[in-house]
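Remember, it's 1-based here, ligands and their atoms both numbered in the order they're listed.
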Amino acid sequence: MTKKFYEKTRKERLDFLLEQALITVEEYQLLKENAPLSDEFADHLIENQVSQIHLPLGLAFNFVIDGEQRLVPMATEEPSVIAASSYGAKLIQNSGGFQTKSSERVMIGQIVFRAIKNASQLIAQLAKEKTTLFSVAAKSYPSIVKRGGGVQEVYFKQVENEAGEAFVTIEVLVDVKDAMGANIVNSILEGMASYLNQKFPEEILMKILSNYADHSLVQARCKVKARDLARGSNFDGKVVAQKIVEATNYANLDIYRATTHNKGIMNGIDAVALATGNDVRAIEAGCHAYASRGGKYASLTKWTMDEAGDLIGELTLPLPVATVGGATSILPQVTFAQTISRSKEAISLAKVMVCVGLAQNLAALRALVSEGIQKGHMSLHAKTLAAAVGATEVEVPILVKQMNQAKQMNQALAETLLAELRK
Ligand code: NDP
């Protein structure tokens, strides 16, 4: 019988990917060698480099996105993330896969003036400068204009603190094409600010990109047939679907639950972001802020049921991700991750990520409202525990089997079992 992908050894998995023409010979070599970055290279990336941390890179399957089968690269240290993501995607695949859409894709930069005496007067004066500001911006970063991007719009707003002190903020909307855009936007803001400094006596407090990327939204929708949610005779599919809806509604009532609900969504998104060299901190900041857009921190996903009792899922996120610039073009595994996920354009990668988030949330909620999360999680966690106490490749499966039979699983048990095995 042919082994499933997760049952194969690493070498067998790589051979399979090559045989299926999912990777090239060069990619096969790159993955097989697993070489760390050269010291010189790592030194260029960060400051005070003393070593490197390695994370496993895996692949999630079953993602049919807008009718196209996509493989999803994920880098994470957390067991069960990739398994859950593939499982959620499989349930969704059975009902036709994911449908996605996206808004415009622009990043926002802010120039903030402080201690303003007459805010509406300053805003009126700034508005007269709009055309000049556009051309100053274009001169500050001409290459993005050549690529068809650059400043799209400029807005002005007044913000007041509790003491009544006023700020005036210019919000600059920039089309950054396939980049994440932090450096592009910041360079444009620098150029605009130095022009404004010459023209206006008011003091500029700061100029910086905003990570609240609500003009770079992507949405995934899916359907899951209720019957696919059934778990043996214990859990009826329609009941599981109802409970998934109820669990999501509960998250909207309780921040303690909403935070964990959304953390589960980000498990998958962060893993894809890491694998593709994206700025995980920027994505996290934007998504959690977006969860509070209604004035209260809430669930990022929406789950409802249709007339047939099937589950309908939706996830909308700000995903300012990149397929060029930053670390994306320099790390060799990142190039592989982009190729295997067929994400040449940033918007295409963002769509993969939002689907991963929805699949991850479905798998987590289905487990939570039926047999509980620990059953699946702990058997995978057993592998981590066995490896953590120093079990060899031969010893790991023996320890995992023994731990799965035990009432409680922890590091002390793994140590005891290993010692007994080696007696
Ligand atoms: P870069 O500074 O690397 O700029 C993008 C680069 O990609 C440019 O050199 C551009 O070339 C090139 N490029 C090639 N093809 C394209 C294309 N199709 N579309 C757009 N650009 C293209 O990166 P970003 O400006 O994207 O900044 C991202 C980095 O900034 C990340 O590493 C992030 O961590 C970091 N950062 C994040 C901050 C935050 O989140 N608040 C703050 C500061 C930095 P060309 O020059 O010819 O146009």
Side-chain angles (χ1 to χ4, degrees), residues 37 41-49 52-53 55 75 102-112 136-152 169-193 204-218 266 269-290 317-335 337-339 341-353:
L37 300 173
F41 193 67
D43 246 348
H44 288 314
L45 275 182
I46 61 158
E47 313 75 40
N48 301 350
Q49 190 249 145
Q52 294 176 36
I53 296 254
L55 279 182
S102 54
S103 68
E104 77 227 291
R105 218 186 91 83
V106 290
M107 294 299 284
I108 301 167
Q110 297 185 305
I111 300 174
V112 182
V136 169
K139 281 188 200 127
S140 310
Y141 210 105
S143 57
I144 197 67
V145 180
K146 261 197 212 144
R147 293 181 193 283
V151 174
Q152 303 295 297
T169 300
I170 308 180
E171 276 177 0
V172 185
L173 273 56
V174 187
D175 179 349
V176 292
K177 295 292 161 201
D178 293 311
M180 179 267 193
N183 291 325
I184 297 174
V185 170
N186 290 341
S187 305
I188 289 174
L189 297 178
E190 290 283 342
M192 290 170 94
I204 291 177
L205 178 64
M206 59 189 158
K207 47 214 177 282
I208 181 78
L209 164 98
S210 167
N211 286 112
Y212 191 52
D214 67 344
H215 284 59
S216 294
L217 296 178
V218 277
M266 301 312 291
I269 291 171
D270 290 353
V272 183
L274 270 177
T276 53
N278 270 282
D279 184 335
V280 180
R281 288 85 48 200
I283 293 170
E284 279 277 335
C287 289
H288 288 290
Y290 193 68
L317 290 177
L319 286 175
V321 300
T323 49
V324 295
T328 60
S329 322
I330 38 182
L331 302 172
Q333 269 91 346
V334 163
T335 311
Q338 281 179 4
T339 314
S341 62
R342 292 203 219 118
S343 302
K344 200 160 182 290
E345 288 168 352
I347 195 67
S348 174
L349 178 60
K351 286 180 172 181
V352 170
M353 284 190 190

S.K.: Output yes when a side-chain donor or acceptor of N186 lies under 3.5 Å from a complementary backbone atom of L209, and no otherwise.
M.R.: yes
S.K.: Quick one: does S216's side chain have a donor or acceptor within less than 3.5 Å of a partner on V106's backbone?
M.R.: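 Confirmed, S216 side chain pairs with V106 backbone.
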S.K.: Does any N/O atom on I184 come nearer than 3.5 Å to any N/O atom on ligand 1?
M.R.: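 There is such a contact, yes.
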S.K.: Hey, looking at atom 25 (O) of ligand 1, which of T328, I188, N183 has the closest heavy atom?
M.R.: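 Result: the heavy atom closest to atom 25 (O) of ligand 1 is in N183.
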S.K.: Hey, does the side chain of S103 reach the backbone of L217 with a donor-acceptor pair shorter than 3.5 angstrom?
M.R.: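 Yes, because the side chain of S103 sits within donor-acceptor range (under 3.5 Å) of the backbone of L217.
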S.K.: Does an N or O from M180, backbone or side chain, lie closer than 3.5 Å to an N or O of ligand 1?
M.R.: yes
S.K.: Do me a favour and list the nearest non-hydrogen protein atom to atom 6 (C) of ligand 1 with residue, atom name and distance?
M.R.: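 The closest one turns out to be G325 CA, 3.8 Å.
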S.K.: Measure the distance from atom 21 (N) of ligand 1 to every protein heavy atom, then report the residue, atom name and distance (to 0.1 Å) of the closest one.
M.R.: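 Checked against all protein heavy atoms, atom 21 (N) of ligand 1 sits closest to V324 CG2, 3.6 Å.
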S.K.: Starting from atom 41 (N) of ligand 1, what is the nearest protein heavy atom, named by residue and atom, and what distance separates them?
M.R.: N211 OD1, 3.0 Å
S.K.: So which protein heavy atom does atom 9 (O) of ligand 1 come closest to, and at what separation?
M.R.: Y141 OH, 4.1 Å
S.K.: Which one of A182, S143, G181 has a non-hydrogen atom at the shortest distance from atom 44 (C) of ligand 1?
M.R.: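 Comparing heavy atoms across A182, S143, G181, the nearest one to atom 44 (C) of ligand 1 lies in A182.
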S.K.: Please indicate whether any nitrogen or oxygen in D279 is less than 3.5 Å from any nitrogen or oxygen in ligand 1.
M.R.: yes
S.K.: Side chains of I144 and R147, heavy atoms from C-beta outward: is any pair under 4.5 Å?
M.R.: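 Yes - at least one pair of side-chain heavy atoms lies under 4.5 Å apart.
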S.K.: Would you mind checking which non-hydrogen protein atom is closest to atom 3 (O) of ligand 1, with the distance to 0.1 Å?
M.R.: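 Answer, as residue, atom name and distance: G326 N, 2.9 Å.
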S.K.: Using a 4.0 Å cutoff against the non-hydrogen atoms of V176, which atoms of ligand 1 qualify?
M.R.: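 Listed by number with element: 19 (N), 20 (C).
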S.K.: Report yes or no: does D175 contribute a side-chain atom to a donor-acceptor pair with the main-chain N or O of K177 at less than 3.5 Å?
M.R.: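 Yes; at least one donor-acceptor contact below 3.5 Å.
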S.K.: Would you say the side-chain atoms of Q52 pair up with the backbone N or O of A42, donor to acceptor, closer than 3.5 Å?
M.R.: no
S.K.: List the residues meeting side chain to side chain donor-acceptor pair (under 3.5 Å) with T323, not counting sequence neighbours, and say none if there are none.
M.R.: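 In terms of side chain to side chain donor-acceptor pair (under 3.5 Å), with neighbours along the sequence ignored, T323 is linked to no residue.
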S.K.: Excluding sequence neighbours, so at least two apart, what forms salt bridge (charged side-chain N to carboxylate O under 4.0 Å, His left out) with R281?
M.R.: D279
S.K.: Between S341 and A337, is there a donor-acceptor pair closer than 3.5 Å when you use the side chain of the first and the backbone of the second?
M.R.: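 At least one qualifying donor-acceptor pair exists.
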S.K.: Is the closest heavy-atom distance from A322 to ligand 1 below 4.0 Å?
M.R.: no
S.K.: Using a 4.0 Å heavy-atom cut-off, say whether R147 meets ligand 1 through its side chain, its backbone, both or neither.
M.R.: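 Under 4.0 Å from ligand 1, R147 contributes side-chain atoms alone.
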S.K.: Would the distance check show the side chain of E345 and the main-chain N or O of S343 forming a donor-acceptor pair, the cut-off being under 3.5 Å?
M.R.: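 The answer is no, because no donor-acceptor pair under 3.5 Å joins these two groups.
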S.K.: Tell me which part of D178 gets within contact of ligand 1: side chain, backbone, both or neither, using heavy atoms under 4.0 Å.
M.R.: both
S.K.: Check each atom of ligand 1 against the heavy atoms of L209 and keep those under 4.0 Å away; list them by number with element.
M.R.: 39 (C), 40 (O), 41 (N)
